[in-house]
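What follows is one structure encoded as structure tokens, with my remarks underneath.
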Amino acid sequence: MTDYKKLWESMDIDLEKHDQLCNLLPGFFADVYLSQENRPEGMNYFNLVVSSIHGLRPEELKRHKDDGGKVVGTFCVYVPDELIVAAGAIGIGLCGGSQFWVPDGEKVLPKNTCPLIKSFMGAKITRTCPYFQSCDLLVGETTCDGKKKAWEILENYADIHVMHLPQMKRDVDIKAWVQEIEILKEKLEKLTGNEITPDKLKDAIRLINEKRRALKRLYELRKARPVPISGKDALLVSQIAFYDDPERFTSKVNDLCDELEERVKSGEGVFPAHAKRILITGTPMAIPNWKLHHIVESSGAVVVCEETCTGTRYFENFVEEASNTLEGQFRALAERYMKTNCACFTPNRGRIDDIIRLAREYEADGVIYYNLQFCQPYAVEYELVRRALQKEGIPVILIETDYSENDSEQVKTRVQAFLEMLG
Ligand code: BJ8
């Protein structure tokens with residue numbers, strides 16, 4: 001602990017406020033996670049990562065920086081991690097999932113802003129997040145209006161580069177994204193002093209594809225009946241993917257999958273085979289946002305899949321590995337990333353098709369459409385998703401909520417009524 005204090009001091013962390021934050025997590029994690037029965041052994045690694053979330057990994061980031069390396073923070077799954085890795089930097093996903101930071105975010109943002117934005121803003125301005133404090137550069141993007149305008153405030157506190165994301169998927173838009181990737185490449189080369197060569201980028205593409213493969217393998221195993229791992233545990237693994245070392249993470253996920261494969265073979269599950277299977281779709285759930293999964297799974301149902309950016313959108317689609325030129329690699333990156341279906345795009349029919357496909361593949365009994373309060377793109381898109389699911393005979397409910405516990409009982413009542421309706 002003493003050592004970490006020195007580490008935090010070196011990062012200019014507000015120690016007093018940071019202590020308050022650190023005191024909250026262990027009890028919360030124990031209630032939500034350690035209370036589960038029959039968890040896979042392979043989750044021990046991920047428990048460790050969370051229990052020392054402000055220690056172990058930030059210490060690695062510090063060592064990397066002491067050796068002259070750079071750390072780059074990102075907020076969206078459209079920003080290509082491969083480039084950051086190829087520049088010899090470490091990429092960290094910074095989306096805020098904690099209510100702790102929301103009141104401070106509200107000091108500089110309107111209250112009717114989505115909690116994810118208020119949370120990351122609060123994390124930065126209070127200097128209580130070692131990941132934010134480690135970053136040499138932040139990379140924002142023009143997705144929703146809330147984020148787009150938040151960058152202008154955030155740049156008072158940190159260096160930020162904003163990528164201009166097109167919001168249609170025509171060839172002209174893919175070409176525009178290639179150009180943004182080229183600009184980011186130059187920015188990263190300048191930051192790190194390292195040239196991004198085709199060989200380095202090829203290795204980085206392989207590395208990140210391997211991580212995606214491991215996550216895909218984990219998700220495939222959740223198709224089994226009974227399901228060998230809880231939705232809460234799978235969500236935790238997805239959340240950790242955003243900040244852990246990619247190589248180690250991939251190997252730990254594959255170890256976990258080996259164990260789950262054995263479970264599937266022997267018919268061992270964490271919920272009875274008849275438990276209702278739920279697909280969650282919607283806005284991302286950044287760590288430690290476990291609210292909805294906890295409500296669903298403590299009501300006797302199991303979450304089998306997330307069509308979110310902390311779920312399938314993060315790992316589906318691989319980057320073509322064959323190209324040996326930067327030009328070809330940039331095009332391959334742009335094509336892969338532009339396949340992501342975010343509600344910031346218009347039209348966004350691909351997301352509706354994905355939800356229907358995933359609901360079938362995972363044999364979901366119902367879909368919960370999860371909307372972070374004040375997220376307009378996903379809120380508006382609900383109507384189209386609802387109509388499409390109704391046509392397919394797939395029950396759906398909209399749950400709009402924030403990070404606080406204020407509405408937990410109300411959300412629980414609605415989820416339980418939905419589960420009862422599923423019969
Ligand atoms: S690709 S979902 S990570 S933008 S911040 S849109 S919740 S109002 S996070 Fe996102 Fe990239 Fe899209 Fe995924 Fe809504 Fe909040 Fe905006 Fe949000």
Side-chain angles (χ1 to χ4, degrees), residues 72-81 83-84 91-97 101-102 104-125 129 131-132 135 137-170 172-184 186-188 242 282-286 289 308-310 313-314 333-334 337-348 351 370-382 400 402-403:
V72 177
T74 59
F75 303 84
C76 177
V77 299
Y78 279 98
V79 176
D81 279 343
L83 271 194
I84 298 171
I92 296 288
L94 287 174
C95 286
W101 287 314
V102 167
D104 287 296
E106 286 177 348
K107 289 179 185 160
V108 295
L109 291 164
K111 279 200 166 51
N112 60 352
T113 304
C114 115
L116 189 146
I117 301 174
K118 290 190 286 197
S119 184
F120 74 61
M121 188 65 85
K124 182 59 205 169
I125 65 180
C129 172
Y131 295 92
F132 249 115
C135 286
L137 177 72
L138 307 178
V139 181
E141 75 310 312
T142 54
T143 43
C144 62
D145 289 350
K147 282 212 266 183
K148 211 156 45 189
K149 298 306 286 180
W151 311 138
E152 295 170 33
I153 297 175
L154 204 54
E155 73 181 359
N156 290 291
Y157 302 89
D159 280 340
I160 182 156
H161 169 79
V162 180
M163 297 182 80
H164 179 48
L165 181 71
Q167 296 185 349
M168 294 177 84
K169 294 187 178 179
R170 303 157 305 177
V172 68
D173 299 306
I174 296 172
K175 283 188 183 134
W177 196 232
V178 170
Q179 280 177 7
E180 286 298 317
I181 290 175
E182 283 167 2
I183 296 169
L184 180 65
E186 277 161 31
K187 183 83 194 174
L188 291 170
F242 285 82
T283 47
M285 296 170 170
N289 177 9
T308 64
C309 289
T310 40
R313 275 183 241 139
Y314 183 63
L333 284 169
Y337 279 88
M338 289 289 277
K339 280 184 194 147
T340 306
N341 294 315
C342 174
C344 296
F345 277 69
T346 185
N348 195 32
R351 175 164 172 246
Y370 172 72
N371 208 78
L372 276 175
Q373 212 175 29
F374 308 120
C375 173
Q376 207 177 33
Y378 281 86
V380 172
E381 200 157 276
Y382 172 69
E400 187 159 54
D402 58 13
Y403 293 165

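No experiment lies behind these values; they were computed from the predicted model shown.
- Contact between Leu154 and Met121 at its shortest, heavy atoms only, is CD1-SD, 3.6 Å.
- Contact annotation: the side chain of Tyr378 never approaches that of Leu372 to less than 4.5 Å [non-hydrogen atoms, C-beta and beyond].
- Side-chain atoms of Thr74 never come within 3.5 Å of backbone atoms of Val79 as a donor-acceptor pair (strictly under, hydrogens ignored).
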*Can you list the steps and then say if Phe374 with Leu116 is a side chain to side chain contact (heavy atoms under 4.5 Å, CB included)?*
CA-CA 10 Å; Phe374 308 120; Leu116 189 146; over 6 Å; no

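- Aromatic ring pairs are classed by plane angle as parallel below 30°, tilted from 30° to 60° and perpendicular above 60°; the pair Trp151 and Phe75 is tilted.
- For Lys339, the side-chain hydrogen bond (donor to acceptor under 3.5 Å, both in side chains) test picks out no residue, with sequence neighbours left out.
- Checking side-chain atoms of Tyr403 against main-chain N and O of Gly96 turns up a donor-acceptor pair under 3.5 Å.
- In this structure a side-chain-to-backbone donor-acceptor pair under 3.5 Å is present from Asn371 to Ala379.
- Counting only residues at least two apart or on different chains, the salt bridge (Lys or Arg N to Asp or Glu O under 4.0 Å) pairs with a member in residues 173-182 are Arg170-Asp173, Asp171-Lys175.
- Note: Cys342 SG to Glu141 CD = 8.5 Å, rounded to the nearest 0.5 Å.
- We find the CG-SG distance between Leu94 and Cys76 to be 12.5 Å, quoted to the nearest 0.5 Å.
- Partners of Glu152 by salt bridge (charged side-chain N to carboxylate O under 4.0 Å, His left out), not counting sequence neighbours, listed by chain and number: Lys149.
- In this structure a side-chain-to-backbone donor-acceptor pair under 3.5 Å is present from Gln167 to Thr143.
- Annotation: Tyr78 is in aromatic contact with Phe345 [ring centroid separation under 6.0 Å].
- Judged by distance alone, with hydrogens and angles left aside, the side-chain atoms of Asp104 form no donor-acceptor pair with the main-chain N or O of Trp101 at under 3.5 Å.
- Residues passing the side-chain hydrogen bond (donor to acceptor under 3.5 Å, both in side chains) test with Tyr337 are Glu82, Arg212, sequence neighbours excluded.
- Between the CG atom in Leu137 and the CD1 atom in Ile84 there is a gap of 8.5 Å [rounded to 0.5 Å].
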_Does Met285 form a side chain to side chain contact (heavy atoms under 4.5 Å, CB included) with Thr308? I'd like the steps, not just the answer._
CA-CA 8 Å; Met285 296 170 170; Thr308 64; 5.6 Å; no

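- Remark: Glu106 pairs with Lys118 by the side-chain hydrogen bond (donor to acceptor under 3.5 Å, both in side chains) rule, at least two apart or across chains.
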*For Tyr382 and Glu400, run side chain to side chain contact (heavy atoms under 4.5 Å, CB included): C-alpha distance rounded to whole Å, both residues' side-chain angles, the deciding distance at 0.1 Å, then the answer.*
CA-CA 11 Å; Tyr382 172 69; Glu400 187 159 54; over 6 Å; no

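- In this structure the side chain of Met163 reaches within 4.5 angstrom of the side chain of Trp177, judged on heavy atoms.
- In this structure, Phe132 and Phe120 have tilted ring planes: the angle between them lies in the 30° to 60° band.
- The closest side-chain heavy-atom distance from Arg351 to Arg313 is below 4.5 Å.
- For the atom pair CG of Leu138 and NZ of Lys124, the computed distance is 7.0 Å after rounding to the nearest 0.5 Å.
- In this structure the side chain of Pro377 never reaches within 4.5 angstrom of the side chain of Asn348, judged on heavy atoms.
- Counting heavy atoms from C-beta on, the side chains of Leu188 and Val72 come closer than 4.5 Å.
- Without hydrogens or angle criteria, Thr142 side chain to Pro166 main chain gives no donor-acceptor distance under 3.5 Å.
- The two residues Val77 and Cys309 make their nearest non-hydrogen contact at CG2-SG, 3.6 Å.
- With sequence neighbours left out, Asp159 forms a side-chain hydrogen bond (donor to acceptor under 3.5 Å, both in side chains) with no residue at all.
- Between the CD1 atom of Ile153 and the CD1 atom of Ile160 there is a distance of 11.0 Å, given to the nearest 0.5 Å.
- Within the model, atoms OH of Tyr157 and CD1 of Ile125 stand 5.0 Å from one another, a figure rounded to the nearest 0.5 Å.
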